[in-house]
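Structure record follows, encoded as structure tokens.
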Protein chains: 2
Amino acid sequence: MAPRDAIRPALRDAMMTDPCIGCGGRLAGLCQPLDTSALDEISSESERVTQSARTVLFREGDPAVRAFSIGAGIVKLSRLLSDGKQQVVGFRFAGDIVGYGTGKTYPYDAELLTGASFCRIERSRLDTLLRRHPVMERRLLDMCLQELAATQDQLVTVGRRSAEARVASFLLGLEEAYRRRGAVPDPLPMPMTRSDIGDFLGLTLETVSRSLSHFKKQKWIEEPAHQKLRLSDRAMLTELAEGMVQDL
Amino acid sequence: MAPRDAIRPALRDAMMTDPCIGCGGRLAGLCQPLDTSALDEISSESERVTQSARTVLFREGDPAVRAFSIGAGIVKLSRLLSDGKQQVVGFRFAGDIVGYGTGKTYPYDAELLTGASFCRIERSRLDTLLRRHPVMERRLLDMCLQELAATQDQLVTVGRRSAEARVASFLLGLEEAYRRRGAVPDPLPMPMTRSDIGDFLGLTLETVSRSLSHFKKQKWIEEPAHQKLRLSDRAMLTELAEGMVQDL
DNA sequence: CGGAGGTTTGACGTAGATCAATTTGTGTGG
DNA sequence: CCACACAAATTGATCTACGTCAAACCTCCG
């Protein structure tokens, strides 16, 4: 399955970094409930970074010294099994926090699927901030609880649904992810490969491809361009995802 | 799959409830880091309850008005799909919190697998307590992060491993759960049915049964009594779980 | 324009689901 | 206390959804 990409030439890309100021810069999702003095404090503690697609933020097992708050872009979180198979544990979008946990090391790889900008902050500094601003900690707790619920959903999908139901569920979930952070772009950008999707859903890339082909043939979806997607028959996809119908 | 048990006669069992006083009574896991004055406050806010096996704490969709802190016993968390299949989202043990989340309603059923005692507290009161005691909130965040990591693990197991690997992984995980809260009882109590296990692992009860039979035949485990389990060859089970070996 | 990584499609094999029959264990009522 | 009824577990015989292997085909980028 999707072999660990051997240090791709992506590093050629510029990596910009500067102090984390202004709007989107300030640990986006986390800081919503904060007042301006606190925001200033945070700006000085974190730095804003922009990196290009395919960059690896960190690898499973690396010492978890910093956390990332996504300003824009999509991040893939995945774990590698000893037999080379990969499980994608989730995708993260603007507003999400990546790399903050209890363990001493990161429990998964984090890789950019698109160019992305985000805030980077030392774990220890973030912990201090959290101690100083309980509202912020509260917000983090809520985000964590939501993430937990989403992961449990995913468990249901992977554990009990048919291949096509999983794919339909993924498509709807992708749209939902965009919806939750504002407007849904019309052709939905879908930067993940079939292999990424398969590894997320517990399927092979071939099965994902077959399902998508089938959906296209039935006009339930369109792919107006590469990595662009339009859900033409949401109702049908929903029924499929729920397992109310096997095919037709 | 495991049909929703139609209001079983389990309600005959006595349900004892009295103010939540003393040691284990006080929202066990959550309150570890608290001082005694805070503990007193909490005792008055929550009540201690003991109930028998098979009792349902709440159902998916019920308004999430209270949370539960397990003092002793095992709780099964599961979601029911529209087609009648069930996915067990996790098992919870002494020290865990059940039923606290962001949603207005519970996202899963919670059912006792054993007789259990726990503390019950109104969600709104718990929220107040958390606001008043940041250490407590911090503790809850940590518990939530751990739970998230565990659920992601489970996703890997269900998504990418063979049937026997999943079962082996479950057995080791069960033991680990006991280990984390103190001593591991020698014959491990395993109150869940094959169906529960299957629904947890994304397998049928038959497949679980076959795997366990195979393990017994190979002397990797023993069942000295019904619902009692001994892991005789942990090393082998570990290799199996990791997928380093398919059979032998 | 060439080459690599991604995608599609087909033919075939298999792990695990499904269906079914039997055994074992357990709470209930006479 | 025993026997009955019912739930859980085991085991076997099939069936099938999806994985595996393989061969084109696209599409982007250098």
Side-chain angles (χ1 to χ4, degrees), chain A residues 1-10 12-13 52-54 83-86 113 158-167 190-199 201-217 221 223-229 240 243 246-247, chain B residues 1-6 8-13 52-54 83-86 113 115 157-167 190-199 201-217 221 223-229 240 243 246-247:
Chain A
M1 223 103 313
R4 172 154 306 201
D5 39 359
I7 307 144
R8 306 189 75 257
R12 63 191 141 66
D13 302 290
S52 65
R54 313 263 106 190
D83 58 359
K85 287 181 191 163
Q86 191 182 178
L113 289 184
V158 170
R160 302 263 74 140
R161 295 207 230 261
S162 73
E164 295 208 340
R166 294 185 216 185
V167 175
M190 187 177 65
M192 43 293 270
T193 67
R194 313 282 133 145
S195 179
D196 289 335
I197 300 171
D199 289 343
L201 298 174
L203 298 170
T204 59
L205 72 178
E206 291 95 330
T207 301
V208 174
S209 177
R210 277 185 246 271
S211 300
L212 289 174
S213 295
H214 182 216
F215 292 178
K216 273 183 272 187
K217 207 164 295 169
I221 66 171
E223 262 188 308
H226 185 53
Q227 299 197 329
K228 297 281 170 210
L229 188 77
L240 251 187
Q246 323 43 317
D247 188 328
Chain B
M1 224 102 308
R4 170 154 306 199
D5 38 359
R8 305 188 78 256
L11 293 178
R12 65 191 141 61
D13 302 291
S52 65
R54 311 263 106 193
D83 59 358
K85 288 181 191 163
Q86 191 181 179
L113 289 183
T157 299
V158 169
R160 304 263 72 143
R161 297 206 229 262
S162 74
E164 295 208 338
R166 295 186 214 184
V167 175
M190 187 177 65
M192 43 294 271
T193 66
R194 315 283 136 154
S195 179
D196 290 335
I197 300 172
D199 289 342
L201 298 174
L203 298 170
T204 58
L205 64 160
E206 291 96 328
T207 302
V208 173
S209 178
R210 276 184 247 272
S211 300
L212 289 174
S213 295
H214 182 218
F215 292 179
K216 274 184 271 187
K217 206 164 295 165
I221 66 171
E223 261 189 308
H226 185 54
Q227 300 196 328
K228 297 281 168 210
L229 188 78
L240 251 187
Q246 318 51 311
D247 187 328

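Rounded to an integer number of Å, the gap from A:Arg166 CZ to D:dG19 P is 7 Å. Per the geometry, CD belonging to A:Glu223 stands 9 Å off P belonging to C:dT7, to the nearest Å. For B:Leu212 and D:dT10, the CG to P distance is 7 Å, given to the nearest whole Å. For the pair A:Gln227 CD and C:dG5 P, the computed distance is 16 Å after rounding to whole Å. Atom CD1 of A:Ile221 and atom P of C:dT7 are 13 Å apart (whole Å). As rounded to whole Å, 11 Å separates atom P of C:dT8 from atom NZ of A:Lys217. Rounding to whole angstrom units, CG of residue B:Leu205 and C1' of C:dA20 are separated by 13 Å. Rounded to whole Å, atom P of D:dA7 lies 12 Å from atom CZ of B:Arg54.
As judged by a 4.0 angstrom heavy-atom cut-off over every strand, A:Gly198 is placed among residues making no nucleic acid contact.
Taking every side-chain heavy atom of A:Thr207 into account, D:dC18 is the closest of C:dG16, D:dT10, D:dC18. Here the side chain of B:Leu203 is nearest to one of D:dG19, C:dT7, C:dA17, namely C:dA17. Comparing C:dT7, C:dT8, D:dT10 against the side chain of B:Lys216 picks out D:dT10 as the nearest. In this structure, the nucleotide among D:dG19, C:dT9, D:dT11 sitting nearest to the side chain of A:Ser209 is C:dT9. Ranking D:dA8, D:dA9, C:dG16 by closeness to the B:Arg194 side chain, first place goes to D:dA9.
Considering all non-hydrogen atoms of both residues, B:Leu113 and B:Ala53 come closest at O-CB, 3.7 Å. Nearest approach of A:Thr207 to A:Ala163, heavy atoms of both residues: CG2-CB, 3.6 Å. Residues B:Leu201 and B:Val158 share a closest heavy-atom pair of O-CG2, 3.8 Å. Taking all atoms of both residues into account, the shortest heavy-atom contact from A:Leu203 to A:Arg166 is CD2-NH1, 3.8 Å.
In this view, A:Lys228 satisfies the side-chain hydrogen bond (donor to acceptor under 3.5 Å, both in side chains) rule with no residue, not counting sequence neighbours. B:Gln227 is linked by a side chain to side chain contact (heavy atoms under 4.5 Å, CB included) to nothing, counting only residues two or more places apart in sequence or in another chain. B:Arg194 meets the side-chain hydrogen bond (donor to acceptor under 3.5 Å, both in side chains) test with B:Glu223; sequence neighbours excluded.
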What nitrogen or oxygen pairs link the protein and nucleotides 26-29 of chain D at under 3.5 Å?
none

Pairwise N/O distances under 3.5 Å, protein to nucleotides 21-25 of chain D:
| unit_1 | atom_1 | unit_2 | atom_2 | d |
| --- | --- | --- | --- | --- |
| D:dC21 | N4 | A:Glu206 | OE2 | 3.2 |

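Regarding contacts with the backbone of C:dT9, a side-chain N or O of A:Ser213 is found under 4.0 angstrom from either OP1 or OP2. Between C:dG6 and A:Ser195, no contact under 4.0 Å exists linking OP1 or OP2 to a side-chain N or O.
To the nearest 0.5 Å, atom CZ of residue B:Arg210 and atom OG1 of residue B:Thr204 are 7.0 Å apart.
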**Prompt:** Between B:Thr193 and B:Leu205, does a side-chain contact (heavy atoms from CB on, under 4.5 Å) hold up when you go through it step by step?
**Reply:** CA-CA 8 Å; B:Thr193 66; B:Leu205 64 160; over 6 Å; no
**Item:** CA sep, side-chain torsions, deciding dist, call: B:His214, B:Lys216, side-chain contact (heavy atoms from CB on, under 4.5 Å)
**Value:** CA-CA 5 Å; B:His214 182 218; B:Lys216 274 184 271 187; over 6 Å; no
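Taking five base pairs at each end of the helix from C:dC1-D:dG30 to C:dG30-D:dC1, the local helix axes there meet at an angle of 40°, rounded to 10°.
B:Arg160 places a side-chain N or O within 3.5 Å of a backbone atom of A:Gln86 that can act as its donor or acceptor partner.
Put simply, the side chain of B:Asp199 does not reach to within 4.5 Å of the side chain of B:Lys85, judged on heavy atoms.
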